[in-house]
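Here the structure comes first, spelled out in structure tokens, and everything after it is commentary.
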Amino acid sequence: MEGIVLGQYVPGNSFLHKLDPRTKLIMSAVLLWVIFLLEGPLEYTGFGLFIVFLYLLAGVSGSFLKILRPGLYLVLITLIINMIFTPGRVVLDLGLADITREGLIQGLTMGFRLVFLISMSSLVTLTTSPVRMTDGLELLLKPFKKIGVPASELAMMMNIALRFIPTFWEETDKIRKAQIARGADFDSWNLGRRIKYITALLVPLFVSAFRKADELSMAMEARGYTVGMERTSLHELKMNPRDYLVLTVFFISVAAFVINKYFI
Amino acid sequence: MGSLIEIQNLTFWYGEDKQEVPVIKDINLSVKKGEFIAVVGPNGSGKSTLIRHLNGFLAPCRGRVTVDGLDTAESRNLPVIRRKVGMVFQNPDTQLFASVVEEDVAFGVENLGLPRAEIRERVDSALAQVGMLEYKHYPPHRLSGGQKQKVAIAGILAVQPECIVLDEPTSMLDPRGKKEVREAVRALNAALGITVIYVTHDMNEVLRCDRLAALSGGEIVFTGRPEDFFADRECLHRIGLQAPPIKELVHSLTEEGFDLPRDLNSPEELVDALCR
């Protein structure tokens, strides 16, 4: 549970851990875009190896499979649907459905893209603590404050949401047990009854959430918080020479890739 | 010592309707600087409503509340008042909202817009004062209830208030947590001279306060030394409170003809007095 709770963060001391969250956020955003530019088996293999390299570098390779598991069904369904429903040259005749060559390629492409997307974006959360992440997001959004993006409020909301996930897990568990003691059967095979019991779980949970939000806002107000105020911060995020170096090398490589692909 | 908080003829009722029964009726109370004052009373006696006036959460319907001369009804005074009067609430879980202890303690100071070095210094010293410095990198949900309340107190301390109001801070804690919090609060009052207003319905907690105010049905029915309060058994009975066991014991012994002083607050003191 702790793993889910802390946004999958794996504490560590690797090169990727030490990078400023802003560097990581910018790079991953660009890389997510690069994923959609990939063409052909060579480029896909190259990118796949690059991701594997990053996971090894961060020392979080153990979490790779854990992160992919929830997405695996999505990948499989994408693969199957694409294989069957794309018209083209039939490779394998299964009677009801035919697997086409185009479908196979399409399916694999989509599947790999999904795997890349999941593993790439997880890499940021795996190597950045939630606090640093929200600080980083706040600073990245700061320029947009002028056009009315409430950067610090958004960061505050994200911080509170992360903080209260474990509290709500506990609360859910407590209510669930209380309802079981009153005869609720959450494992019932009867779908109608199951929905009824889930309601008996969700309603108290929402009530308690609202009550907590009320108390929390009072505690925050008592400590002098008002929305839209200028605040200072305990921790400072500092872009190190390392970050500038990484960003420079990164952007040159991406530019080289794009220019090579489309302009030469 | 001058007075810090002045409550004059405070009357308050919830809702707009003036015909409604007031929750608080015509209360007068003045809190001196550096005082440790306990506010007691049964459930529904208006304790929480009363103290919510002290930092301007509620504005009086009639009467006046001033903190260091600043009227709580004026909204432009509120930032200053909330810096002077810190508040700790009942539920430790809904007061801590950062994902790391030190971040939470820093919250109030960050709101003051102080430079980073000063924030760091204040956070560390506030945590040290409540004895929680070694937990500063912990996530709050891994702490015990008593520890959470101490972190909440540290968060208030870091702002360097003149007064801390605690609204039943121990009612959701186990005996050990209660003791930890009580001792931390007492230390603040003694060592730093911070004014403490301590709301509780646990009579064991008020034995060592300087002064006690008892509420019943929205009115103050007693103010004075805790010994005098517990000696007035008729008054205690009327508002539905019971003296702590040690006071009951001393009372019974006195009725049996023992000559005992009234300010005995622990079994040890009682033993000493009996053996003298």
Side-chain angles (χ1 to χ4, degrees), chain A residues 1-7 9 11 128-135 138 152-153 155-171 173-174 208-238, chain B residues 48 51-52 54-58 75 78-100 102-124 136-137 139-142 152 155-156 158-159 161 164-165 167:
Chain A
M1 187 115 55
E2 203 83 333
I4 315 166
V5 161
L6 295 174
Y9 173 56
T128 318
S129 81
V131 177
R132 280 170 60 84
M133 178 89 92
T134 43
D135 284 352
E138 179 177 355
S152 38
E153 281 75 23
M156 177 67 72
M157 275 156 58
M158 193 167 147
N159 230 334
I160 292 173
L162 284 169
R163 151 73 180 85
F164 274 90
I165 292 169
T167 312
F168 280 114
W169 268 116
E170 276 168 32
E171 193 79 12
D173 196 44
K174 223 193 292 178
S208 124
F210 283 120
R211 191 175 304 139
K212 281 201 166 69
D214 200 35
E215 285 175 22
L216 180 68
S217 64
M218 199 155 70
M220 288 175 75
E221 216 182 315
R223 289 166 74 181
Y225 184 78
T226 40
V227 171
M229 73 190 305
E230 271 308 312
R231 308 180 71 236
T232 47
S233 156
L234 174 66
H235 291 297
E236 184 186 26
L237 288 179
K238 238 174 89 189
Chain B
S48 291
I51 60 149
R52 279 183 183 28
L54 301 181
N55 71 349
F57 272 150
L58 298 175
S75 58
L78 289 183
V80 186
I81 288 172
R82 288 185 185 158
R83 203 178 308 165
K84 284 177 190 287
V85 180
M87 209 170 263
V88 175
F89 298 92
Q90 188 174 16
N91 188 343
D93 277 318
T94 49
Q95 290 179 76
L96 309 183
F97 35 84
S99 29
V100 184
E102 62 171 4
E103 292 274 334
D104 198 278
V105 176
F107 180 78
V109 198
E110 290 175 341
N111 291 341
L112 301 180
L114 293 171
R116 185 163 290 116
E118 169 131 29
I119 299 181
R120 163 58 56 202
E121 197 187 299
R122 284 194 183 197
V123 167
D124 286 350
K136 71 175 176 181
H137 296 302
H141 67 95
R142 297 257 297 272
I156 305 294
V159 184
I164 295 188
V165 180
D167 188 4

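Convention: sequence-line order gives letters A, B, ...; per-chain numbering from 1.
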| message | Please check: side-chain N/O of B/Arg83 versus main-chain N/O of B/Val159, any donor-acceptor pairing under 3.5 Å? | response | no

| message | Using heavy-atom distances under 4.5 Å, tell me whether B/Phe89 contacts chain A through its side chain, its backbone, both, or neither. | response | side chain

| request: Check each atom of A/Phe164 against the heavy atoms of chain B and say whether the ones under 4.5 Å are side chain, backbone, both or neither. | output: side chain

| said: Is B/Asp104 close to chain A through its backbone or its side chain, or both, or neither, when contacts mean heavy atoms under 4.5 Å? | reply: both

| remark: Of A/Asp173, A/Thr167, A/Ile165, the one forming a side chain to side chain contact (heavy atoms under 4.5 Å, CB included) with A/Trp169 is A/Ile165

| request: Verify side chain to side chain contact (heavy atoms under 4.5 Å, CB included) between A/Met156 and A/Ile160, making sure each step is shown before the conclusion. | output: CA-CA 6 Å; A/Met156 177 67 72; A/Ile160 292 173; 4.0 Å; yes

| note | Whatever's closer than 4.5 Å to a heavy atom in chain A on B/Val80 counts as neither

| said: So which atom in B/Val109 and which in B/Ala158 form the shortest heavy-atom distance, rounded to 0.1 Å? | reply: CG2-CB, 3.4 Å

| said: Using only atom types and a distance under 3.5 Å, with no angle test, would you say the side chain of B/Asn111 pairs donor to acceptor with the backbone of A/Arg223? | reply: yes

| Quick one: what part of B/Pro161 sits under 4.5 Å from any heavy atom of chain A, side chain, backbone, both or neither? | neither

| chain B interface, residue from A/Met218, A/Arg211, A/Glu215 that has the most non-hydrogen pairs under 4.5 Å | A/Met218

| Do other residues, nucleotides or ligands put more than 12 heavy atoms under 6.0 Å from the CD atom of A/Glu153? | yes

| query | With only heavy atoms counted, which part of B/Gln90 is less than 4.5 Å from chain A, the side chain, the backbone, both or neither? | reply | neither

| message | Using heavy-atom distances under 4.5 Å, tell me whether B/Leu112 contacts chain A through its side chain, its backbone, both, or neither. | response | neither

| query | What is the minimum heavy-atom distance between B/Asn55 and B/Arg82, and which atoms define it? | reply | O-NE, 3.1 Å

| Residue part contacting chain A, namely of B/Arg120, when any heavy atom lies under 4.5 Å | both

